[in-house]
**Q** 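Below: one structure in structure tokens.
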Amino acid sequence: KKTFEGDQLLQITAKDEAQISLLKELSEQEHLGLDFWREPVHESLPVDVRVPFHSLQAVRAFLGYNQIQYNVMIMDVQDLLDDEQREMVKYRSFPR
Amino acid sequence: STDDFVYTTYHDLNSINSFIDMLVAENSNLVSKIVIGQSYENRPLNVLKFSTGANRPGIWFDTGIHSREWVTQASGIWFAKKIVTDYGRDPVLTDILSNYDIFLEIVTNPDGFAYTHSNDRMWRKTRKPNSGSSCVGVDPNRNWDAGFGGAGSSSNPCTETYRGPSAHSEPEVKAIVDFVKSHGKLKAFVSIHNYSQMLLYPYGYTSTPAKDQAELHELARKAVTALQSLYSTRYTYGSIITTIYQASGGTIDWTYNQGIKYSYTFELRDTGRYGFLLPADQIVPTAEETWLALMAIMEHTRNNPY
């Protein structure tokens, strides 16, 4: 089963078309394994991207170097999945 | 019974299918289950039919064509229970059901959904292998014969928006296509996704406005106003291409081109705090507010026959 330990969800706010272009370039870097939950389209729309743990350093460096603003929305995706799983198991054990 | 079913948690496919069977058993005068086809991995494509008479025009809802969007399937369960609960009590819904059948496909992509429970919670696509590639699956919301192959979809099987080898290549899509064509009298079609809080109408593949754009826009405004009346959730609305991005081969572009005027697609909560991992305690609020918008669309459909 695929796990997501250390993966983070970043919400990126591009300030102009040039930054959107940079983010599109970033999305084409297949080796990073990025999962764009919301694609870079226009500066009015935020970009949400799940970054695998192994790519965090590279992605953060890229964003920092290009002065692209971002927030960490989910610190550890697996933590949230574990919570979700616990909750499902809890209700599954309820008598029907 | 479906009264004991826990609507505030996520469920796997077996549990949802049990729910469907229970709902039918408890409400056999109103609800039946129809199987419109089979998925690639031979799972039944179950659709709930809510009907009070023969030969009615229909209204279609589907949830969960992207498997990882769990709050949509969970909302679909809640909608199904809401329909049987409100029928005979809510005069508007009762009147709608006196004139229209409602079809609801809760798990539109069952192979993908099962895969999100067993192997990869973040799986979005179908599970059909792609010849010549090690990457599996097609984005079923790029697989429809509406600008198929155009911008806003990918020809690379390893991307999340891979369109597939040809339009309607995915059995999950083809089953709906066949159903829509054979039914012939669907008057509204709402495909429900999450997230990012939007209500969208055609087109996605072209910037040419839909010929009914003014009416669709006004109805979207009305539906979003109804939705926001409950929890003030911030929503935007408009055509797909002007509101999010160009997307070719999308569901509602095809249904609109088939003549189903009231074709919409939703993006439910949230705005990125949790994305596809919306906590289960938000299932019911999400479903409740969305239901108000669905009612607005159904009511408008009833009041504006065409």
**Q** As an exercise, state the distance from CZ of A:Phe4 to CG of B:Leu277, rounded to the nearest 0.5 Å.
**A** 8.5 Å

**Q** Name the region of B:Ser196, side chain, backbone, both or neither, that has any atom closer than 4.5 Å to a heavy atom of chain A.
**A**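 For B:Ser196, heavy atoms of backbone and side chain both lie under 4.5 Å from chain A.
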
**Q** Which distance, rounded to the nearest 0.5 Å, do you find between the CD of A:Glu30 and the CG of B:Asn156?
**A** 5.5 Å

**Q** Around atom CZ of A:Phe36, are there more than 12 heavy atoms from other residues, nucleotides or ligands closer than 6.0 Å?
**A** yes

**Q** Quick check on B:Thr8 against chain A: is it the side chain, the backbone, both or neither that has a heavy atom closer than 4.5 Å?
**A**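 Both backbone and side chain.
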
**Q** Would you compute the distance between atom NZ of A:Lys2 and atom OG of B:Ser118 and round it to the nearest 0.5 angstrom?
**A** 13.5 Å

**Q** Kindly compute the distance separating CD (A:Glu84) from CZ (B:Arg121), expressed to the nearest 0.5 Å.
**A** 4.0 Å

**Q** How close do B:His117 and A:Lys1 get, counting heavy atoms only, and between which atoms?
**A** O-NZ, 3.3 Å

**Q** Side chain, backbone, both or neither: which part of B:Ser154 has a heavy atom under 4.5 Å from chain A?
**A**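 For B:Ser154, neither part sits under 4.5 Å from chain A.
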
**Q** Under a 4.5 Å heavy-atom cut-off, does chain A meet the side chain of B:Trp123, its backbone, both or neither?
**A**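 Contact with chain A: none, neither part.
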
**Q** With no hydrogens and no angle check, is any side-chain donor or acceptor of A:Arg38 less than 3.5 Å from a backbone partner on B:Thr271?
**A** yes

**Q** Measuring from A:Glu87:CD to B:Thr9:OG1, what's the distance to the nearest 0.5 Å?
**A** 5.0 Å

**Q** Please walk me through it: do A:Asp48 and B:Tyr195 pass side-chain contact (heavy atoms from CB on, under 4.5 Å)?
**A** CA-CA 11 Å; A:Asp48 294 342; B:Tyr195 62 104; 2.8 Å; yes

**Q** CD1/A:Ile74 to OH/B:Tyr274 distance, rounded to the nearest 0.5 angstrom?
**A**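 So the CD1 of A:Ile74 and the OH of B:Tyr274 are separated by 8.0 Å.
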
**Q** If I measure from the heavy atoms of chain A, does B:Arg68 come under 4.5 Å with its side chain, its backbone, both, or neither?
**A**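 When you check distances to chain A, only side chain atoms of B:Arg68 fall under 4.5 Å.
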
**Q** Has A:Gln67 got more than 12 heavy atoms of other residues, nucleotides or ligands less than 6.0 Å from its CD?
**A**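 Open: at most 12 neighbouring heavy atoms sit under 6.0 Å from CD of A:Gln67.
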
**Q** Crowded around A:Gln69 CD? As in, over 12 foreign heavy atoms under 6.0 Å?
**A** no

**Q** After noting the C-alpha distance and the side-chain angles of A:Trp37 and B:Met122, does the key distance pass the side-chain contact (heavy atoms from CB on, under 4.5 Å) rule?
**A** CA-CA 10 Å; A:Trp37 289 5; B:Met122 289 303 136; 3.4 Å; yes

